[in-house]
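Whatever order the structure lists them in is the order used to number ligands and atoms, beginning at 1. Please read all numbers here as calculations on a predicted model, not as lab measurements. Position 1 is the first residue of the sequence, and the numbers go up from there.
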Amino acid sequence: MRLLFLGDIVGRPGRNAVIERLPGLRERWKLDCVVINGENAAGGFGITEAICDEVLSAGADAVTLGNHSWDQRETLVFIERQPRLLRPVNFPAGTPGRGANLIDTVSGKRVLVINVMGRLYMDALDDPFAAVDREIEACPLAQVADAIIVDVHAEATSEKEAMGHHLDGRVSLVVGTHTHVPTADHRVLAHGTAYMSDAGMCGDYDSVLGMQKEESIRRFLQKTPGPRMEPALGEGTLSGIAVETDDRTGLAVRVAALRLGPHLEESWPRFWD
Ligand SMILES: [Fe+2]
Ligand SMILES: [Fe+2]
C-alpha cells in the first residue's frame, strides 16, 4: 500500500497547499491512504467542521488532532458525527469523539488510524503507550487492519522514539506531530515499522512554527501580553512522510520525506515516479 502522512495544517496557507496539491498527488502516486494532522487548520487554532470537510474532500482519508483539539468549541459537537476526525486516544474517559478508527479507503483497504498525545512537557494525560497497545490488540495488523498509522502528538523526541520502538513490528507507521519542524530521521525500524520523529507542518515556513514572525519574536523580547497570534500568510509548503507497505504483512518497505513548496529543500518519494 502507498501511505502518505502530512503534518499539522497551519491556517489558510496550509489548507491551500493541501487543497491545491493533494488531489494531484493522490492521482500521480495512486495513494491508498492519506492522513493529515489538522489541529491548527483554523487560523492556527483547532479545526471547524467546514475546514474538516474541505480537507477530507481534498483527499484525506482521516484527520488527526492534538493539544489544540478543542480551540474551536464546535469541534466538541461535530466530532461526534465525523468518524474520520480523531482526537488523542488518551484523553480522559468521557471526552467527545474517538481517538482511533478503522477507516475504509477508496481503494478498498482498511487502515487503523490512531492519534495519541505524549506526556513530556505536555498536559498530564493517560498513559499513551498503554492506550495505543489497547487499540492495536483490538485490531491487529495484517489480521484486521491492512495498515496501522499512529500519529504521536508530542513535544519530546525521546518519547516519540520510544513509542516507535515500542510499536515496531506491530504497526505500519509511527509519525510525530506537534513541533511543526520536520526531522530528517525517517526510516524503517528493525522490525518493519516506518518512523519519523516529526512530520513538520503544512503551512508558511517563513514564520515561527507557521505563525507571523513579528509577534512571535516580540513575545520572546517582551514578557507582556500582545495581540493574538495569527498565521503567516505566505505560500504554504506540504511536509510529511510517504510510506510503502508490504501487502501481506502491512509493514513498511520504504519511506521518503515529503516536502513540496517554498523555503524548505524539496523532497518526494522518487520510487513512486
Ligand atoms: Fe500543531
Ligand atoms: Fe500541538
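The shortest side-chain heavy-atom distance between Met1 and Glu244 does not fall under the 4.5 Å cut-off. Residues Val175 and Ser197 form no side-chain contact, since every pair of their non-hydrogen atoms from C-beta on lies 4.5 Å or further apart. Lys160 has its side chain out of reach of Glu155: every pair of non-hydrogen atoms, C-beta onward, lies at least 4.5 Å apart. Within the 4.5 Å cutoff, side-chain heavy atoms of His180 are placed close to those of Asn40.
With the Fe ion (ligand 2) at the apex, His178 ND1 and His153 NE2 define an angle of roughly 90° (rounded to 10 degrees).
Using cut-offs of 30° and 60° for the angle between ring planes, the Tyr195 and His165 rings count as parallel.
Of all the N, O or S atoms in Glu39, the one closest to the Fe ion (ligand 1) is OE2. Closest to the Fe ion (ligand 1) among the N, O or S atoms of Asp8 is OD2.
Checking His180 against the Fe ion (ligand 1), an N/O/S atom falls under the 2.8 Å cut-off. Here Asn40 reaches the Fe ion (ligand 1): one of its N/O/S atoms is less than 2.8 Å from the metal.
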